2 protein chains.
Amino acid sequence: MVKMTIKDVAKEAGVSTATISRVMNNSGYVSEDIKQQVLEVIRKFNYQPNAIARSLKQEKSRSVGIVLPDMANPYFMKIARTIQHRCFQLGYHLLFIDTEENPEKEREALEFLTEKRVEALILAGTGENRDQIQAISDSGIHVILADRRFSNLKLDTVTEDNIYASKSAIEHLLEKKHTRIGIINGPKTISTARERRQGAIIGLEEAGITPTNEFMFEGDYTRESGIEAIRYFSQLPDRPTAIFSANNEMTFGVYLGLQELGIPLESIEVVSFGNLEFSSLFHHNLSVIMQNPQELGETIGDLLIKRLNGEADSVQNRILMPHLVPSK
Amino acid sequence: MVKMTIKDVAKEAGVSTATISRVMNNSGYVSEDIKQQVLEVIRKFNYQPNAIARSLKQEKSRSVGIVLPDMANPYFMKIARTIQHRCFQLGYHLLFIDTEENPEKEREALEFLTEKRVEALILAGTGENRDQIQAISDSGIHVILADRRFSNLKLDTVTEDNIYASKSAIEHLLEKKHTRIGIINGPKTISTARERRQGAIIGLEEAGITPTNEFMFEGDYTRESGIEAIRYFSQLPDRPTAIFSANNEMTFGVYLGLQELGIPLESIEVVSFGNLEFSSLFHHNLSVIMQNPQELGETIGDLLIKRLNGEADSVQNRILMPHLVPSK
DNA sequence: ATTCTCCATGTTAACGTTACCACATTAATA
DNA sequence: TATTAATGTGGTAACGTTAACATGGAGAAT
């Protein structure tokens with residue numbers, strides 16, 4: 001069964017396509033009689049306007065791209081979900097792409113999205129493709145960096161205060177008399193990893209402790225790299241007694257690693273940047289820096305609406321405050 | 001900065017738009033000289049064809065809709081992620097919508113997606129909107145039901161054997177000498193809930209036990225309803241000693257509920273339909289019916305490609321086999 | 001020399017909307 | 001009554017592609 005077009009409706013209702021269009025969009029003048037008659041035809045044939053044709057004519061795709069490094073990470077999905085709801089309300093659709101932290105895939109994704117003529121782009125990037133992202137912004141597409149920023153790029157950002165939160169994580173461990181703290185971080189290309197590292201170092205130095213490379217493990221924000229970190233730390237002569245893990249997935253890996261090595265999970269004090277769903281059930285020594293992906297999503301949503309409405313405003317950089325929830 | 005069109009490229013390269021189109025699509029005849037010249041212009045101005053115009057002309061949106069009840073549930077997101085990768089490879093984009101199990105929202109979502117002219121629709125539905133879904137299929141959009149089916153609708157489905165798996169869950173608990181088994185299920189409107197119930201009942205009856213309504217709690221697949229189920233069961237005179245929970249979120253709620261009531265988590269034997277990420281770290285009496293969302297996604301992806309390529313085939317109903325992983 | 005292919009290119013009409021303009025008609029105002 | 005304004009409607013040119021058709025030249029086969 002082939003879809004009806006506005007012409008078919010016009011013929012059926014005995015009016016011009018212009019009138020149908022006016023009825024559909026509640027624009028211009030249409031007499032009440034004709035309006036009802038047209039609506040009747042639309043209802044009867046279940047006519048739906050072709051959004052693609054409309055987009056072409058109006059030069060508005062009514063779509064927004066969102067590029068995330070990991071669609072299975074609840075943190076990112078909670079951000080995405082909130083934004084999805086907002087977009088749906090606006091009649092926009094979201095084009096999701098999962099890059100799996102792969103810069104090349106990200107590059108392709110960005111190209112794909114610009115061909116699809118998204119009006120805005122929300123990006124939690126790999127840290128590469130700076131020029132491309134800047135070019136996208138320059139071409140008039142609204143870019144909002146989520147969670148991760150680029151230094152020196154004049155783009156909207158909605159991020160969290162990683163330095164402050166990481167510093168307080170370290171302070172928390174120091175208060176518990178730990179001095180040998182293993183730090184598991186993400187890739188240096190990613191701003192959150194750099195900032196979390198920086199915060200941790202500040203925390204240590206303020207307590208008069210010199211950070212050593214031996215206790216810094218550079219992972220890649222995956223579960224597997226959390227496991228590897230534990231394998232690495234466990235074979236050091238002077239093992240850490242506490243761990244600061246820079247994201248939720250790696251923290252999960254930490255516990256999997258401990259389990260693999262037969263080390264009691266509660267024997268190690270852990271602070272995780274980012275919540276683990278089950279941490280409230282967990283009686284191990286796990287403290288969590290609670291992020292607020294929903295608020296992040298809402299903040300992005302608000303900004304997005306502003307940008308799509310063309311409400312001129314200078315570059316926005318919003319920073320949310322995570323807070324530490326100590327272990328019980 | 002305004003985007004370049006094919007006409008600009010044509011003018012710049014001194015040829016017709018048709019030639020540009022032929023170069024872009026590797027179709028028809030173009031001399032090597034001109035081809036190189038055109039490619040040079042394209043590169044120089046970073047020309048990107050407008051996918052919307054192309055869609056309109058070709059009457060192909062190159063998009064697929066996916067409607068899920070819960071974007072934050074890892075089970076659904078793993079399905080979605082797999083499909084997203086497939087679609088991206090094909091040059092298709094996915095329009096995601098999260099209905100939050102709300103039938104009205106689902107109705108709107110389906111309407112939205114048909115206006116956007118998706119070529120296919122992947123749906124894990126609320127169980128309502130049957131007519132609308134059938135109409136979508138009749139109108140020539142490929143519909144694939146994921147995880148949840150509709151009886152009597154002639155549509156492709158990729159689901160799991162809920163009856164078999166639930167039966168084996170009950171058998172597992174019976175083997176462990178539990179006879180008072182609390183069953184926490186989803187809404188009866190959803191096929192998975194009906195089937196999981198049916199499987200559980202078969203399991204009980206085959207063991208000569210008469211299922212009682214007292215031990216059946218109808219939740220709504222949310223965490224909160226798992227908590228409520230525990231509150232309900234805990235005030236029964238003869239409490240269940242074991243729980244069969246029909247999805248991962250409700251199982252989570254079970255533990256939250258036990259914790260809330262101060263009941264030791266390991267004092268209750270639980271079987272969960274669907275994995276909890278952390279179950280391997282968990283030393284409680286938790287057995288899991290392992291689903292395989294990735295395989296589900298791949299199966300859907302394969303089917304999707306077939307359908308999009310128009311490879312004629314009768315209605316497909318694929319059923320995957322989950323398996324029980326007993327508690328340690 | 002004539003016909004027939006194969007190449008290589010250009011011309012143009014769609015695809016389904018909407019926005020602009022033109023043209024009536026009616027109502028309100030001077 | 002004449003003029004203006006408000007209302008209602010239709011015609012049509014775009015939006016940026018591509019596919020069908022047309023055209024013409026070069027070389028091969030008759």
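Keep in mind that what you see is a predicted model, and the values were worked out from it rather than measured. Within every chain, numbering begins at 1; the chains are lettered A, B, ... in the order of the sequence lines, protein sequences first and strands thereafter.
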Chemist: Return the value, rounded to whole Å, for the distance between atom CD1 of I20(B) and atom P of dT11(C).
Modeler: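 So the CD1-P distance, I20(B) to dT11(C), works out to 13 Å.
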
Chemist: To the nearest angstrom, how far is I6(B) atom CD1 from dA14(C) atom P?
Modeler: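 It is 19 Å, rounded to the nearest whole Å.
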
Chemist: Who pairs with E40(A) by salt bridge (Lys or Arg N to Asp or Glu O under 4.0 Å), at least two apart in sequence or on another chain?
Modeler: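 Expected list: R43(A).
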
Chemist: For the pair made of OH in Y29(A) and P in dT25(C), what is the distance, rounded to whole Å?
Modeler: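 Taking atom P of dT25(C) as the reference, OH of Y29(A) is at 19 Å.
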
Chemist: Between K7(B) (NZ) and dA13(C) (P), how many Å, whole number?
Modeler: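 Those two atoms, NZ and P, are 13 Å apart.
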
Chemist: Can you find a side-chain donor-acceptor pair between N317(A) and T157(A) that sits under 3.5 Å?
Modeler: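 Yes, a side-chain donor-acceptor pair sits under 3.5 Å.
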
Chemist: Is there a side-chain contact between I66(B) and I97(B) in this structure, where contact means two heavy atoms from C-beta onward sitting under 4.5 Å apart?
Modeler: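 A side-chain contact under 4.5 Å is absent here.
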
Chemist: Would you find a donor on one side and an acceptor on the other, under 3.5 Å apart, between the side chain of T114(B) and the backbone of L110(B)?
Modeler: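 Yes, T114(B) side chain to L110(B) backbone: donor-acceptor pair under 3.5 Å.
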
Chemist: Verify the distance criterion only: is there a donor paired with an acceptor across the side chains of R149(B) and T159(B) at less than 3.5 Å?
Modeler: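 Note: R149(B) and T159(B) side chains meet the donor-acceptor criterion.
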
Chemist: Through what angle, rounded to 10 degrees, does the axis of the helix from dA1(C)-dT30(D) to dA30(C)-dT1(D) turn between its ends, using five pairs per end?
Modeler: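 Result, rounded to 10 degrees: 50°.
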
Chemist: Can you tell me the distance, in whole Å, between the CG atom of N26(A) and the P atom of dA19(C)?
Modeler: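 Rounded to the whole Å, the gap is 13 Å.
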
Chemist: Let me have the donor-acceptor pairs involving side chains of residues 85-93 of chain B, under 3.5 Å, with sequence neighbours excluded, atom names and distances please.
Modeler:
unit_1 : atom_1 : unit_2  : atom_2 : d
R86(B) : NH2    : D302(B) : OD1    : 2.2
Y92(B) : OH     : E119(B) : OE1    : 2.7
H93(B) : ND1    : K116(A) : NZ     : 3.1

Chemist: Would you say the side-chain atoms of Y75(A) and D147(A) include a donor-acceptor pair closer than 3.5 Å?
Modeler: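 There is such a pair (donor and acceptor under 3.5 Å, judged by atom type) between the side chains of Y75(A) and D147(A).
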
Chemist: Any side-chain donor-acceptor pair under 3.5 Å between Q316(B) and D156(B)?
Modeler: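 The criterion, which ignores hydrogens and geometry beyond distance, is not satisfied for D156(B) and Q316(B).
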
Chemist: For DNA chain D, find the residues of residues 51-61 of chain B with a heavy-atom distance under 4.0 Å and give them by number; none if there aren't any.
Modeler: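 Residues of residues 51-61 of chain B that come under 4.0 Å of DNA chain D are, in numerical order, A53(B), R54(B), K57(B), Q58(B).
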
Chemist: Measure the distance from CG on D33(B) to P on dC7(C) and round it to the nearest whole Å.
Modeler: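 Whole-Å distance recorded here is 16 Å.
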
Chemist: Quick check on DNA chain D: between T17(A) and I34(A), whose nearest nucleotide comes earlier from the 5' end?
Modeler: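 Nearest nucleotide further toward 5': that of I34(A).
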
Chemist: Mind checking which nucleotides bracket the chain A contacts on DNA chain D, 5' to 3', with an atom under 4.0 Å from a heavy atom?
Modeler: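 On DNA chain D, the outermost contacted nucleotides are dT7(D) to dG16(D).
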
Chemist: What pairs with F96(A) under ring-ring contact (aromatic ring centres under 6.0 Å, His included), at least two apart in sequence or on another chain?
Modeler: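 Residues passing ring-ring contact (aromatic ring centres under 6.0 Å, His included) with F96(A): F96(B).
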
Chemist: With nearest nucleotide decided by heavy atoms, which residue, S31(B) or T5(A), maps closer to the 5′ end of DNA chain C?
Modeler: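 Its nucleotide being nearer the 5' end, the pick is S31(B).
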
Chemist: Would you please test T126(B) and E101(B) for side-chain hydrogen bond (donor to acceptor under 3.5 Å, both in side chains) and show each step?
Modeler: CA-CA 5 Å; T126(B) 59; E101(B) 301 279 16; over 6 Å; no

Chemist: When you compare the side chains of D138(B) and Q134(B), does any donor N or O come within less than 3.5 Å of an acceptor on the partner?
Modeler: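 Note: D138(B) and Q134(B) side chains meet the donor-acceptor criterion.
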
